[in-house]
Visitor: 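One structure is given below, represented as structure tokens, and several questions about it will come after.
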Amino acid sequence: MRLEKCWFCSSTVYPGHGIQFVRNDAKIFRFCRSKCHKNFKMKRNPRKVKWTKAYRRLHGKDMTQDSTFEFERKRNRPERYDRNLAENTLKAIKKIDKIRSDRASDHIKNRLKTGKVQRRKEARKQLEQGIHLVKAPLALAQDSSLCLPKIKVNVSQAQTEENQPMEE
């Protein structure tokens, strides 16, 4: 049983599923669902469509370079069946899946760190602006380092039409 990859979104296409398109030059395109096939016919670039694997990899949202991807490569050379080799391969697949999932979670944590730092900066700034809501006014009066410096602004009261009371 051969599992193919969708040409557009890179998801797995199982046997008996999806659509296959053969171009005049005998190039075969496999699609997992009609959504991918329609986007292909509309000549959309998978690297510019946000839900595709190509977009996610290009914009650093998914892992791109990892040694565990080497095991997923397509191999066309048939191997002679060996029971011990098959058993060892199945054990290795479990280990590789665990390693890949650990690395993927580390990648996600590293991506989210920048957002966490940004949220902390925004929270600190908001707290500094609204410290009078958190601290008692007497404590602020005693410790001047807690409040923002007061700025004096001179406003001239020029008599203009805008300042005149409205007439009915």
Side-chain angles (χ1 to χ4, degrees), residues 1-135 146-149 151:
M1 178 170 84
R2 174 167 282 176
L3 303 178
E4 303 289 345
K5 291 283 181 191
C6 175
W7 184 87
F8 196 80
C9 70
S10 303
S11 65
T12 308
V13 181
Y14 290 95
H17 292 260
I19 302 164
Q20 187 170 337
F21 172 69
V22 182
R23 207 166 49 188
N24 287 341
D25 62 350
K27 171 94 171 89
I28 299 171
F29 299 94
R30 289 182 178 85
F31 304 104
C32 60
R33 54 188 182 263
S34 61
K35 178 181 182 180
C36 297
H37 188 221
K38 287 174 184 174
N39 277 292
F40 174 77
K41 287 193 290 186
M42 286 191 278
K43 297 185 178 182
R44 287 201 175 137
N45 188 348
R47 288 171 286 174
K48 293 183 181 178
V49 179
K50 290 191 176 188
W51 52 268
T52 61
K53 204 77 159 164
Y55 177 91
R56 293 186 61 77
R57 284 187 176 151
L58 185 68
H59 290 84
K61 299 185 182 302
D62 277 348
M63 289 192 310
T64 53
Q65 302 293 326
D66 194 28
S67 58
T68 57
F69 293 136
E70 187 68 27
F71 296 105
E72 207 174 286
R73 238 184 18 190
K74 188 175 173 182
R75 293 171 187 84
N76 289 323
R77 191 174 58 202
E79 292 287 329
R80 187 170 195 158
Y81 178 74
D82 182 13
R83 189 174 193 159
N84 292 332
L85 179 66
E87 187 179 325
N88 292 338
T89 304
L90 291 174
K91 287 180 184 175
I93 287 173
K94 290 178 184 174
K95 288 181 184 177
I96 291 166
D97 282 344
K98 184 174 180 346
I99 291 168
R100 183 181 293 151
S101 64
D102 291 345
R103 288 180 181 174
S105 64
D106 289 344
H107 177 75
I108 290 169
K109 283 180 187 173
N110 289 337
R111 271 189 54 231
L112 295 177
K113 273 185 185 176
T114 57
K116 195 174 189 180
V117 170
Q118 186 70 23
R119 283 193 300 273
R120 277 193 179 159
K121 282 183 182 178
E122 289 174 4
R124 188 174 290 127
K125 183 179 177 183
Q126 190 177 17
L127 183 63
E128 287 173 0
Q129 290 174 349
I131 191 72
H132 64 281
L133 299 172
V134 179
K135 275 280 206 187
L146 293 175
C147 49
L148 296 172
I151 301 169

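Computed from a prediction, not measured in an experiment: that's the story for all the values here.
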Visitor: Taking all non-hydrogen atoms of both residues into account, name the closest pair between Tyr55 and Lys61 and its distance.
Guide: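 Scanning both residues, the minimum pair turns out to be CE2-CE, 4.4 Å.
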Visitor: Between Arg56 and Lys50, which heavy-atom pair has the shortest distance, and what is it?
Guide: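 It is CG-O, 4.2 Å.
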Visitor: How long is the gap from OG1 on Thr52 to CZ on Arg44, to the nearest 0.5 Å?
Guide: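 Result: 11.5 Å between the selected atoms.
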Visitor: Measure the SG-NZ distance between Cys36 and Lys38 for me, rounded to the nearest 0.5 Å.
Guide: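 Going from SG on Cys36 over to NZ on Lys38, the span is 11.0 Å.
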Visitor: What's the spacing between Glu87 CD and Leu85 CG if we round to 0.5 Å?
Guide: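 With rounding to 0.5 Å, CD (Glu87) is 10.5 Å from CG (Leu85).
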Visitor: Nearest 0.5 Å, what's the OG1-CZ distance between Thr114 and Arg119?
Guide: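 Output value for this atom pair is 9.0 Å.
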Visitor: Please evaluate residues Gln129 and Lys125 with respect to the criterion side-chain contact (heavy atoms from CB on, under 4.5 Å), reporting the C-alpha separation (whole Å), side-chain torsions for both, the decisive distance (0.1 Å), and the verdict.
Guide: CA-CA 6 Å; Gln129 290 174 349; Lys125 183 179 177 183; 3.7 Å; yes
Visitor: Between Thr12 and Lys5, is the side-chain contact (heavy atoms from CB on, under 4.5 Å) condition met? List the steps.
Guide: CA-CA 5 Å; Thr12 308; Lys5 291 283 181 191; 3.9 Å; yes
Visitor: Ignoring hydrogens, what is the shortest heavy-atom contact between Cys9 and Lys53? Give both atom names and the distance.
Guide: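 It is O-CB, 3.4 Å.
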Visitor: Would you indicate whether Arg111, at its atom CZ, is surrounded by more than 12 heavy atoms from other residues, nucleotides or ligands within a distance under 6.0 Å?
Guide: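 More than 12 heavy atoms, drawn from other residues, nucleotides or ligands, come within 6.0 Å of this atom.
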Visitor: May I ask you to decide if the ring planes of Phe31 and Trp7 are parallel, tilted or perpendicular, using 30° and 60° as cut-offs?
Guide: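 Taking Trp7 first and then Phe31, their aromatic rings stand perpendicular (interplane angle over 60°).
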Visitor: Using 0.5 Å steps for rounding, measure from the CG atom of Asn39 to the NZ atom of Lys48.
Guide: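 Interatomic distance, Asn39 CG to Lys48 NZ, rounded to 0.5 Å: 14.0 Å.
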Visitor: Start with the C-alpha gap between Lys27 and Asp25, add the side-chain angles, then the distance that decides, and say whether salt bridge (Lys or Arg N to Asp or Glu O under 4.0 Å) holds.
Guide: CA-CA 6 Å; Lys27 171 94 171 89; Asp25 62 350; over 6 Å; no
Visitor: Below 4.5 Å, heavy atoms only, C-beta onward: do Phe40 and Pro46 meet side chain to side chain?
Guide: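 Not touching, per the 4.5 Å side-chain cut-off.
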Visitor: Please identify each residue that fulfils salt bridge (charged side-chain N to carboxylate O under 4.0 Å, His left out) with Asp82, with sequence neighbours left out.
Guide: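 With sequence neighbours excluded, Asp82 shows a salt bridge (charged side-chain N to carboxylate O under 4.0 Å, His left out) to no residue whatsoever.
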Visitor: What distance separates Arg120 CZ from Leu127 CG, expressed to the nearest 0.5 Å?
Guide: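 Arg120 CZ to Leu127 CG: 13.5 Å, rounded to 0.5 Å.
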Visitor: Do Lys35 and Phe8 come within less than 4.5 Å of each other through their side chains, counting heavy atoms only?
Guide: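 No - every pair of side-chain heavy atoms lies 4.5 Å or more apart.
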Visitor: Should Arg124 and Glu128 count as an ion pair when the cut-off is N to O under 4.0 Å?
Guide: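 Salt bridge absent between Arg124 and Glu128.
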